[in-house]
Protein chains: 2
Amino acid sequence: MYHNKQTMKDQLHISEQVCFPVYAFAKEIINQYRPLLEALELTYPQYLVMLVLWEYKEQTVNQLGDKLKLDSGTLTPLLKRMETKAFVTRIRSTVDERIVNISLTEKGVALKEKAACIPQQLMEAMNVSAEDLLLLKNIITKIAKK
Amino acid sequence: MYHNKQTMKDQLHISEQVCFPVYAFAKEIINQYRPLLEALELTYPQYLVMLVLWEYKEQTVNQLGDKLKLDSGTLTPLLKRMETKAFVTRIRSTVDERIVNISLTEKGVALKEKAACIPQQLMEAMNVSAEDLLLLKNIITKIAKK
DNA sequence: TTTAATTATATTGTGTACAATTTAATTGAT
DNA sequence: ATCAATTAAATTGTACACAATATAATTAAA
């Protein structure tokens with residue numbers, strides 16, 4: 001039917017897309033983080049790994065992947081780069097040799113002090129209020145939970 | 001001060017992050033699109049290019065980059081892959097030889113028919129309502145506009 | 001307990017992303 | 001008109017991201 005066909009086709013416009021703003025905004029966030037994290041020699045995904053390790057001390061590759069929604073194809077090379085920069089150690093478990101435990105080095109622990117100002121700096125760089133960001137987080141959490 | 005130091009440090013936990021859900025949700029969206037777009041031989045960024053071209057017929061690399069927030073380092077190889085798949089043509093302007101015009105081939109135009117069901121399929125796959133997605137879009141648009 | 005199934009990580013290959021640089025073409029100021 | 005500045009794409013290099021597969025270790029089933 002003409003009406004239905006038009007209705008469907010109209011959704012195929014970039015301005016009508018609801019997912020594109022999410023995709024573009026996620027990239028924008030990473031771009032805003034970049035100069036701040038550069039001072040710590042971290043990329044955004046590497047910063048996420050540090051956040052988990054600052055909180056949990058030690059994690060297996062799998063545990064990091066669960067928390068950050070990343071697979072070993074992404075994490076293995078990423079963690080090797082972090083090991084090269086001496087932020088983490090990668091030690092294969094002697095109990096179960098399939099498992100690689102990721103831990104912070106002293107340098108990695110110390111980096112937390114330098115990172116303390118990042119959340120504040122980011123909000124200022126993006127010029128958003130904590131309320132708006134929290135609202136956004138709550139909606140996404142609600143949608144993504146299912 | 002002790003209180004302030006703790007307050008700042010507490011933000012450095014993955015669960016406290018407001019940007020991580022956006023990052024993870026954007027990846028989740030692309031992962032939900034993947035099997036649907038595979039039937040059209042498109043990736044998500046390539047699908048975005050098609051959305052723009054279905055609407056505007058012809059675009060320069062720069063115009064695509066402006067609308068999709070992608071630079072030539074991303075677009076040039078991406079568009080070459082789409083040219084290889086015969087969805088678009090890349091023709092250097094004779095008026096201004098710096099410019100490369102991207103246009104749809106007949107195959108590219110025809111693909112719109114097959115794509116008509118994608119928006120609907122995606123919402124079903126993600127199990128979200130149009131209202132929730134629209135709410136999300138409005139908040140992001142408000143935040144990202146500045 | 002030998003083998004089959006499962007698990008954890010690593011590897012390979014393709015495709016984004018983007019900074020920095022390069023190349024070539026066009027514009028603008030003198 | 002000439003040359004410097006600007007512009008548009010392309011290139012190079014680094015770093016994700018993920019599907020598919022491989023490898024090795026552990027567990028489970030007979």
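In the text below, chain A, chain B and the rest are named by the order of the sequence lines, each starting its count at 1. Side chains are part of it too, since the values below use all heavy atoms of this structure and drop only hydrogens, waters and symmetry mates.
- The stretch residues 85-100 of chain A comes close to DNA chain D through Val95(A), Asp96(A), Glu97(A), Arg98(A), each having a heavy atom under 4.0 Å from the strand.
- Summarising the geometry, the separation between CD1 on Ile102(B) and C1' on dA10(D) is reported as 12 Å, rounded to the nearest angstrom.
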Under 3.5 Å, N/O pairs linking protein and nucleotides 11-14 of chain C:
from    : atom 1 : to       : atom 2 : distance (Å)
dT11(C) : OP2    : Lys80(A) : NZ     : 2.8

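- As a whole-Å value, the separation of Leu37(B) CG from dC18(D) P is 15 Å.
- Using a cutoff of 4.0 Å between basic side-chain nitrogens and carboxylate oxygens, Arg92(A) and Glu97(A) are not scored as salt-bridged.
- Atoms OH (Tyr44(B)) and P (dT16(C)) sit 13 Å apart, rounded to a whole Å.
- Atom CG of Leu133(B) is separated from atom CD of Gln17(A) by 10.5 Å, given to the nearest 0.5 angstrom.
- Listed in residue order, the members of residues 18-35 of chain B having a heavy atom less than 4.0 Å from DNA chain D are Tyr23(B), Lys27(B), Asn31(B), Arg34(B).
- Nearer the 5' end of DNA chain D, as judged by each residue's closest nucleotide, is the contact made by Asn62(B), out of Asn62(B) and Lys69(A).
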Give every pair of a protein N or O atom and an N or O atom of nucleotides 21-23 of chain C that lie under 3.5 Å apart, one pair per line with the distance.
none

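- Put simply, CG on Asp66(A) is 13 Å from P on dT7(C), counting in whole angstrom units.
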Please produce a list of atom pairs where a protein N or O lies less than 3.5 Å from an N or O of nucleotides 2-4 of chain D.
none

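- Nucleotide dA5(D): paired with dT26(C) (Watson-Crick or G-U wobble, both distances less than 3.5 Å).
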Show me, pair by pair, the donor-acceptor contacts under 3.5 angstrom made by side chains of residues 42-53 of chain A, not counting sequence neighbours?
from     : atom 1 : to       : atom 2 : distance (Å)
Thr43(A) : OG1    : Gln46(A) : N      : 3.3
Gln46(A) : OE1    : Thr43(A) : N      : 3.3
Gln46(A) : OE1    : Lys85(A) : NZ     : 2.8

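- Gln46(A) has a side-chain polar atom (N or O) that falls below the 4.0 Å cut-off from OP1 or OP2 of dC16(D).
- Of the inter-residue distances, the one linking Leu64(A) atom CG with Leu75(A) atom CG reads 6.0 Å to the nearest 0.5 angstrom.
- Using a 4.0 Å heavy-atom criterion, one finds that Leu75(B) contacts no nucleic acid atom at all.
- Figure legend: cation-pi geometry between Lys67(B) and Tyr56(B), with NZ or CZ positioned under 6.0 Å from the six-membered ring centre and within 45° of its axis.
- At dC16(D), one or more side-chain N or O atoms of Thr43(A) fall inside 4.0 Å of OP1 or OP2 (strictly under the cut-off).
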